[in-house]
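Just below is one structure, and these are the notes that go with it.
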Protein chains: 2
Amino acid sequence: MFETVEIKDVKNEIGLLVKAIRKQRGISQIQLAKSLDVSRTTIQNLELGKNFTVNTILKVLRELDLLTQLHNEVTQAKAHVVNSKSMY
Amino acid sequence: MFETVEIKDVKNEIGLLVKAIRKQRGISQIQLAKSLDVSRTTIQNLELGKNFTVNTILKVLRELDLLTQLHNEVTQAKAHVVNSKSMY
DNA sequence: ATATTTTGACCATTATAATGATCATTATAA
DNA sequence: TTATAATGATCATTATAATGGTCAAAATAT
């Protein structure tokens with residue numbers, strides 16, 4: 001009934017998303033790697049759902065002009081947690 | 001005029017968010033570390049804005065029951081990219 | 001069709017994240 | 001107040017992400 005989403009699944013989806021965006025832009029792994037100043041292997045592993053660091057994914061988001069948006073969302077989520085007094 | 005958000009800033013905010021949620025739950029770094037099966041040092045570095053792996057943050061999100069939500073959002077974003085034909 | 005580019009798969013090496021420990025400082029409880 | 005717990009800081013070791021290379025297969029271009 002309830003499918004369980006595993007960490008592996010999320011990493012796979014992130015990889016597919018990055019690959020889809022890269023394809024949409026019509027650039028190769030090598031080109032993306034160079035613009036992020038990482039190796040092609042890092043891009044490849046990211047797209048294939050291997051483990052990677054937050055630095056790597058944030059470089060991708062920065063390239064996509066999504067860094068400020070994520071920053072705002074995290075900040076907002078934090079403020080929400082801090083402001084809402086525990087209900088228990 | 002336009003403040004530039006850097007990767008360092010986002011990691012700092014993520015760290016503060018995790019810390020805020022942990023505090024809200026009233027648990028220590030050690031308790032959180034144990035429930036995620038990681039070391040306290042890993043939690044500490046995460047909260048202090050150091051670099052960390054996607055596995056670590058996904059374990060946190062799983063603990064917060066946010067894994068399925070993130071999975072859905074990434075999948076949706078991916079579908080959006082794939083479906084929207086390039087405008088250029 | 002063939003040529004070219006891209007990608008997935010390896011692999012050895014290097015860089016660094018994760019671990020487990022200790023200690024001093026700070027925050028919280030008794 | 002004093003005792004206890006939690007946190008930040010540091011460090012040596014271990015695990016693993018990142019790098020740079022090669023090669024074969026797949027995709028794309030000519």
Side-chain angles (χ1 to χ4, degrees), chain A residues 6-64 67 70 74 78 81-86 88, chain B residues 6-64 67 70 74 78 81-86 88:
Chain A
E6 298 175 17
I7 288 177
K8 155 180 56 64
D9 303 321
V10 179
K11 289 192 293 185
N12 276 332
E13 283 301 320
I14 293 175
L16 292 175
L17 172 60
V18 170
K19 183 171 185 172
I21 295 174
R22 178 177 61 76
K23 288 290 186 184
Q24 190 184 42
R25 293 195 165 196
I27 65 178
S28 66
Q29 291 179 346
I30 291 183
Q31 287 174 298
L32 180 59
K34 280 185 177 175
S35 66
L36 303 187
D37 195 30
V38 300
S39 70
R40 183 178 80 91
T41 307
T42 295
I43 299 296
Q44 187 181 200
N45 287 335
L46 168 61
E47 291 189 355
L48 294 178
K50 307 292 185 182
N51 197 16
F52 51 88
T53 65
V54 68
N55 271 334
T56 297
I57 187 62
L58 290 184
K59 281 183 178 180
V60 173
L61 296 182
R62 183 181 58 189
E63 178 74 12
L64 303 176
L67 206 55
L70 176 61
V74 173
K78 184 192 62 177
V81 171
V82 171
N83 288 337
S84 72
K85 301 305 174 188
S86 174
Y88 307 101
Chain B
E6 298 174 19
I7 288 177
K8 154 180 55 66
D9 302 321
V10 179
K11 289 192 294 184
N12 276 331
E13 283 301 319
I14 292 174
L16 292 176
L17 172 60
V18 170
K19 183 171 186 172
I21 295 173
R22 178 177 61 76
K23 287 292 185 181
Q24 189 185 43
R25 292 195 166 198
I27 65 177
S28 66
Q29 290 178 347
I30 290 183
Q31 288 175 297
L32 180 59
K34 280 185 178 174
S35 66
L36 304 187
D37 195 31
V38 299
S39 68
R40 183 178 79 92
T41 307
T42 295
I43 299 297
Q44 186 181 198
N45 287 335
L46 168 61
E47 291 190 357
L48 295 179
K50 307 292 186 182
N51 197 17
F52 51 89
T53 66
V54 68
N55 271 334
T56 298
I57 187 63
L58 290 184
K59 282 183 179 180
V60 173
L61 296 182
R62 184 180 56 188
E63 177 75 11
L64 302 176
L67 206 56
L70 177 61
V74 173
K78 184 192 64 178
V81 170
V82 171
N83 288 336
S84 72
K85 302 304 175 191
S86 174
Y88 308 101

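Residue numbers begin at 1 in each chain, while the letters A, B, ... track the order of the sequences.
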Applying side-chain hydrogen bond (donor to acceptor under 3.5 Å, both in side chains), name anything that partners [X], two or more places apart in sequence or on another chain.
| X | answer |
| --- | --- |
| B:Ser39 | B:Thr42 |
| A:Asn55 | B:Lys11, B:Asn51 |
| A:Ser35 | none |

How long is the line joining [atom1] of [X] and [atom2] of [N], in whole Å?
| X | N | atom1 | atom2 | value |
| --- | --- | --- | --- | --- |
| B:Asp37 | C:dT19 | CG | C1' | 11 Å |
| A:Lys34 | C:dT5 | NZ | P | 13 Å |
| A:Gln29 | C:dG8 | CD | C1' | 8 Å |
| A:Ile43 | C:dA9 | CD1 | P | 16 Å |
| A:Leu46 | D:dA18 | CG | P | 9 Å |
| B:Leu32 | C:dT19 | CG | C1' | 16 Å |
| A:Lys19 | C:dT7 | NZ | P | 7 Å |
| B:Glu47 | D:dT7 | CD | P | 7 Å |

First locate atom [atom1] of [X], then atom [atom2] of [Y], and finally report the distance between them rounded to the nearest 0.5 Å.
| X | Y | atom1 | atom2 | result |
| --- | --- | --- | --- | --- |
| A:Leu16 | A:Leu48 | CG | CG | 9.0 Å |
| B:Leu17 | B:Ile14 | CG | CD1 | 8.0 Å |
| B:Gln31 | B:Ile43 | CD | CD1 | 12.0 Å |

Open item on the list: Once you apply a heavy-atom cut-off of 4.0 Å, does A:Ile30 come out as touching a base, just sugar-phosphate, or nothing?
Closed with: nothing
Residues two or more places apart in sequence or in another chain: which of them pass salt bridge (charged side-chain N to carboxylate O under 4.0 Å, His left out) with [X]?
| X | value |
| --- | --- |
| A:Arg40 | none |
| A:Lys50 | none |
| A:Lys78 | B:Glu13 |

- [ ] Using a cut-off of strictly less than 4.0 Å between a heavy atom of the residue and any atom of DNA chain C, enumerate the qualifying residues of residues 52-63 of chain B by number.
- [x] B:Phe52, B:Thr53, B:Thr56
Open item on the list: Just to be sure I understand the geometry, which residues of residues 7-16 of chain B put a non-hydrogen atom under 4.0 Å away from DNA chain C?
Closed with: none
Open item on the list: For nucleotides 20-30 of chain C, give me one character per nucleotide, 5' to 3': B if any protein heavy atom sits under 4.0 Å from the base, S if the only such contacts are to the sugar-phosphate, - if neither.
Closed with: BBB--------
TODO: Compute the bend angle of the helix from C:dA1-D:dT30 to C:dA30-D:dT1 from the end axes (five pairs per end), rounded to 10°.
DONE: 60°
Open item on the list: According to salt bridge (Lys or Arg N to Asp or Glu O under 4.0 Å), does anything in residues 15-38 of chain B pair up with another residue at least two apart or in another chain? List the pairs.
Closed with: B:Arg22-B:Glu47
TODO: Tell me whether the OP1 or OP2 atom of D:dT19 has a side-chain N or O from A:Thr42 closer than 4.0 Å.
DONE: yes
Side-chain donor-acceptor distances from residues 56-64 of chain A under 3.5 Å, at least two apart:
from: A:Thr56; atom 1: OG1; to: A:Thr53; atom 2: OG1; distance (Å): 3.3

Task: Comparing B:Ser28 and B:Asn45 on DNA chain D - which has the more 5′ nearest nucleotide - done: B:Ser28
